[in-house]
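Written below as structure tokens is the structure these notes are about.
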Amino acid sequence: MPASTSGFERGTDGPKVILAGVDGSETSWRAAAYAAGLARRQGSLLAVVYVQPTLAAAAALGAPVADATAEVAEELVAEIRRSVEQLRGIFDVRWEFHTLHGDAYGGLVQAAQELKADAVIVGASEQAGHRFVGSVAVRLVKAGRWPVTVVP
């Protein structure tokens, strides 16, 4: 099969970039830990992505949404850094942290495209309503663009 002319070929020599979506939930931390182990074993870059929700309606009413979501992002970065420091010398994982604004699905898709992710790892939704409406994980799987692992 001839090589792609785009210069990017997915899935040939193992994943080069593994994207882990985090939102502070227990399942997202488990997904990040799983992704870190996979990245370590594969020699891949781990891209940890947090998508800050934009709540235009709340912001229009004067709620300090931007400050709250920025604070969550800062807390996530601090937690990730603490976790990495605890593992320094035990596991050697190359990683980056990215923050985007928007809805979780759109942000993860954008990040996966920009980073040329070979795999996307997310935690299972902890919200009961997602059984009926569909979770971010289900939407990523249905998109069919990347291998998606959903960690319970």
### Query
About how many Å separate CZ of Arg139 and CG of Leu108, when rounded to the nearest 0.5 Å?
10.0 Å
### Where Val22 and Tyr50 come nearest, the two heavy atoms and their spacing
O-CD1, 3.3 Å
#### Entry: Set of side-chain contact (heavy atoms from CB on, under 4.5 Å) partners for Arg41, sequence neighbours left out
Leu38
### Query
Backbone N or O of Pro152 within a donor-acceptor pair of the Arg30 side chain at under 3.5 Å?
yes
## Note on the structure
In short, Gly21 meets Ser28 closest at the heavy-atom pair O-CB, 3.8 Å
### Query
With sequence neighbours left out, what residues match Thr27 under side-chain hydrogen bond (donor to acceptor under 3.5 Å, both in side chains)?
Ser25
### Message
Going by the rule side-chain contact (heavy atoms from CB on, under 4.5 Å), which residues pair with Ala39 if we only count those two or more places apart in sequence or in a different chain?
### Response
Ile18, Ser44, Leu46, Val93
### Message
Tell me every residue that passes side-chain hydrogen bond (donor to acceptor under 3.5 Å, both in side chains) with Gln42, counting only those two or more places apart in sequence or in another chain.
### Response
none
### Message
Show the nearest heavy-atom pair for residues Asp103 and Val51, with the distance to one decimal.
### Response
O-CG1, 3.4 Å
### Task
Name all residues meeting the side-chain contact (heavy atoms from CB on, under 4.5 Å) criterion together with Val109; count only those two or more places apart in sequence or in a different chain, and write none if there are none.
Tyr105, Gln113, Leu140, Arg145, Trp146
#### Entry: Partner set under side-chain hydrogen bond (donor to acceptor under 3.5 Å, both in side chains) for Glu96, not counting sequence neighbours
His98
### Task
For residues Ala111 and Leu100, report the shortest heavy-atom separation together with the two atoms involved.
CB-CD1, 4.0 Å
## Note on the structure
All heavy atoms of Ala137 vs all of Val122, minimum pair found to be CB-CG2, 3.7 Å
### Message
Test of understanding: with side-chain contact (heavy atoms from CB on, under 4.5 Å), list the residues that count as partners of Glu75, not counting sequence neighbours.
### Response
Glu71
